[in-house]
Amino acid sequence: MRWYARNRRTLPWREDPSPYRVWISEIMLQQTQVRTVLPYYERFMRRFPDIRSLASAAESEVLAHWAGLGYYARARNIRRAALVIEDRYSGDLPQTYEELVSLPGIGAYTAGAILSIAFNQPFPVVDGNVRRLIRRLQGMRTPPGEKLFWEIAAAWIPKGRAADFNQAVMELGALICTPARPRCPSCPVQAICEARRRCWECSIPEPRRRQPAEGIGLAILLLERNGRILLSSTPAADFIPGMWGLPAIQVEDQGSAEEAAQDLARRITGGSAMPADPFMIRHAITHRRIVAAVFRADCTEAPGKGTTARGYRWFERTDALRHITSSLYRKALRYRR
DNA sequence: GAGACGTGGAC
DNA sequence: TGTCCAAGTCT
């Protein structure tokens, strides 16, 4: 709570936490980051400053003020809820859990948020931040059932401090106990954090295990003629970006890079250059480890007229560098000579 | 408890 | 560049 008092962000719904303003902010904040919500919230509040203005507005106009925020059922629901509030609760947000969750768009989280933040009632909130914080503080490597989260969050609430406490926990999750690279050295509760103690802060939640990379063999040609470099516009594989690249071909699993390179060179130049003596480079492109053999050859005697195959062009080195967008080929060029 | 629902930011 | 994730709810 002391940390929160010093580090809380100044937010419009915090400066004036009326039930209506808290309600709208909580709906907008569902699965949406604070920074994204801010401009929408200000604009929405200017147009719909209270429940009555919202209830009497056309759905299309409410949606227009939501355009770009996503999850548009939220906008339709708050308007429907406003209508219910107008004729069932005489225009005031109800103050019991049962009544709140019965309103469209309000679930367990939002009901708890309204009751605690706007009315300071001791109801827990469990969002992504709270789940992460509970799991880390308690050292839970495997996620517990949803029920346990709610029980712990409820047990944590200090008497009479629900409003600030719930926001403090979420603020801590948003600013310090972040999903990736938590800022443990700045954390006010690091001393009582089980994950911190056991160095599990990076394994809770379980790091995304990436699918094993596929190994790929490539033969690349580095053909030069009078200081120019031969580039190809036919990609060697669909995962290599860019329009232009070095001439290259994929080497089959048991195939020989040497043969592949010479086949390719024959097709391009009609046999005037025989590349040999490759050097190897390694490169990674999403889920693929590429091992490439780069074959050099000088085409000092110009290949016969028209023998350079279609889709290939000679470029000055600086032009070539400008046209090549894949760092795989840039890597190959760096080792020239 | 899955799966749909949107969009933008971070890595 | 591909994924994950964000102050969740509803079916």
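Below, chain A is the first sequence line, B the second, and so on; all start at residue 1.
- Across the interface with DNA chain B, nearest-nucleotide mapping of A:Gly145 and A:Arg181 shows A:Gly145 to be the residue nearer the 5′ end.
- With ring centers used as reference points, A:Tyr329 lies 6.0 Å or more from A:Trp244.
- Listed by chain and residue number, A:Glu26, A:Tyr109, A:Ile117, A:Val125 satisfy the side-chain contact (heavy atoms from CB on, under 4.5 Å) test with A:Ala113 (two or more places apart in sequence, or in another chain).
- Nucleic acid contact class of A:Glu171 (heavy atoms, under 4.0 Å, all strands): base.
- Residues of residues 5-40 of chain A having a heavy atom closer than 4.0 Å to DNA chain B, listed by number: A:Gln31, A:Thr32, A:Gln33, A:Arg35.
- Across the protein-nucleic acid pair, A:Glu146 atom CD and C:dG8 atom P stand 11 Å apart, rounded to whole Å.
- Looking at residues 107-121 of chain A, you'll see that no heavy atom sits under 4.0 Å from any atom of DNA chain B.
- Residue A:Val251 is found outside any hydrophobic cluster, as its side-chain heavy atoms come under 4.5 Å of no other Ile, Leu, Val, Met, Phe, Trp or Tyr.
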Which side-chain N or O atoms in residues 76-85 of chain A pair as donor and acceptor under 3.5 Å with protein atoms at least two apart or in another chain?
| unit_1 | atom_1 | unit_2 | atom_2 | d |
| --- | --- | --- | --- | --- |
| A:Asn77 | OD1 | A:Arg80 | NH1 | 3.0 |
| A:Asn77 | ND2 | A:Ala73 | O | 3.2 |
| A:Arg79 | NE | A:Ala57 | O | 2.7 |

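- A:Glu151 meets the side-chain contact (heavy atoms from CB on, under 4.5 Å) test with A:Lys147, A:Leu148; sequence neighbours excluded.
- Distance A:Glu206 CD to C:dT3 P: 18 Å, rounded to the nearest Å.
- Ring pair A:Phe48/A:His65: centre-to-centre distance below 6.0 Å.
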Below 3.5 Å, can you tabulate the donor-acceptor pairs from side chains in residues 163-174 of chain A to any protein atom, sequence neighbours excluded?
| unit_1 | atom_1 | unit_2 | atom_2 | d |
| --- | --- | --- | --- | --- |
| A:Asn166 | ND2 | A:Ser116 | OG | 3.0 |
| A:Asn166 | ND2 | A:Phe123 | O | 2.8 |
| A:Gln167 | OE1 | A:Arg14 | NE | 3.1 |
| A:Gln167 | NE2 | A:Ala163 | O | 3.2 |
| A:Glu171 | OE1 | A:Arg9 | NH2 | 2.9 |
| A:Glu171 | OE1 | A:Arg14 | NH2 | 3.0 |
| A:Glu171 | OE2 | A:Arg9 | N | 2.9 |
| A:Glu171 | OE2 | A:Arg9 | NE | 3.0 |
| A:Glu171 | OE2 | A:Arg14 | NH1 | 3.1 |

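- Counting heavy atoms from C-beta outward, A:Arg52 and A:Glu86 have side chains that approach closer than 4.5 Å.
- Every residue two or more places apart in sequence or in another chain was checked for a side-chain contact (heavy atoms from CB on, under 4.5 Å) with A:Asp87, and none qualifies.
- Only the C1' atoms considered, B:dG1 is 14 Å distant from C:dT9, to the nearest whole Å.
- The distance between the ring centers of A:Tyr41 and A:Trp13 falls below 6.0 angstrom.
- Comparing B:dG8 with C:dC10, their P atoms are spaced 24 Å from each other, to the whole Å.
- Residue order along DNA chain C, read from the 5' end via each residue's closest nucleotide, puts A:Ala174 first among A:Gly105 and A:Ala174.
- Side-chain atoms of A:Arg21 come within 3.5 Å of backbone N or O of A:Pro12 as a donor-acceptor pair.
- Of the residues in residues 66-87 of chain A, A:Gly68, A:Leu69, A:Gly70, A:Tyr71, A:Tyr72 come within less than 4.0 Å of DNA chain B through at least one heavy atom, sorted by number.
- Every residue meeting the side chain to side chain donor-acceptor pair (under 3.5 Å) condition with A:Asp50, not counting sequence neighbours, appears here in chain and number order: A:Ser53.
- What separates CG of A:Asn166 from C1' of C:dG8 is a distance of 16 Å, to the nearest Å.
- Against DNA chain C, the stretch residues 125-140 of chain A makes heavy-atom approaches under 4.0 Å through A:Asp127, A:Gly128, A:Asn129, A:Arg132.
- For the P atom pair drawn from C:dT1 and B:dG6, the interatomic distance equals 26 Å after rounding to whole Å.
- Each of A:Ile220, A:Leu264, A:Leu231, A:Leu222 was compared with A:Pro247 under the side chain to side chain contact (heavy atoms under 4.5 Å, CB included) criterion, and only A:Leu264 meets it.
- For the P atoms, the distance linking C:dC4 with B:dA4 amounts to 15 Å, nearest Å.
- Partners of A:Glu99 according to the side chain to side chain donor-acceptor pair (under 3.5 Å) rule, which considers only residues two or more places apart in sequence or in another chain, are A:Thr96.
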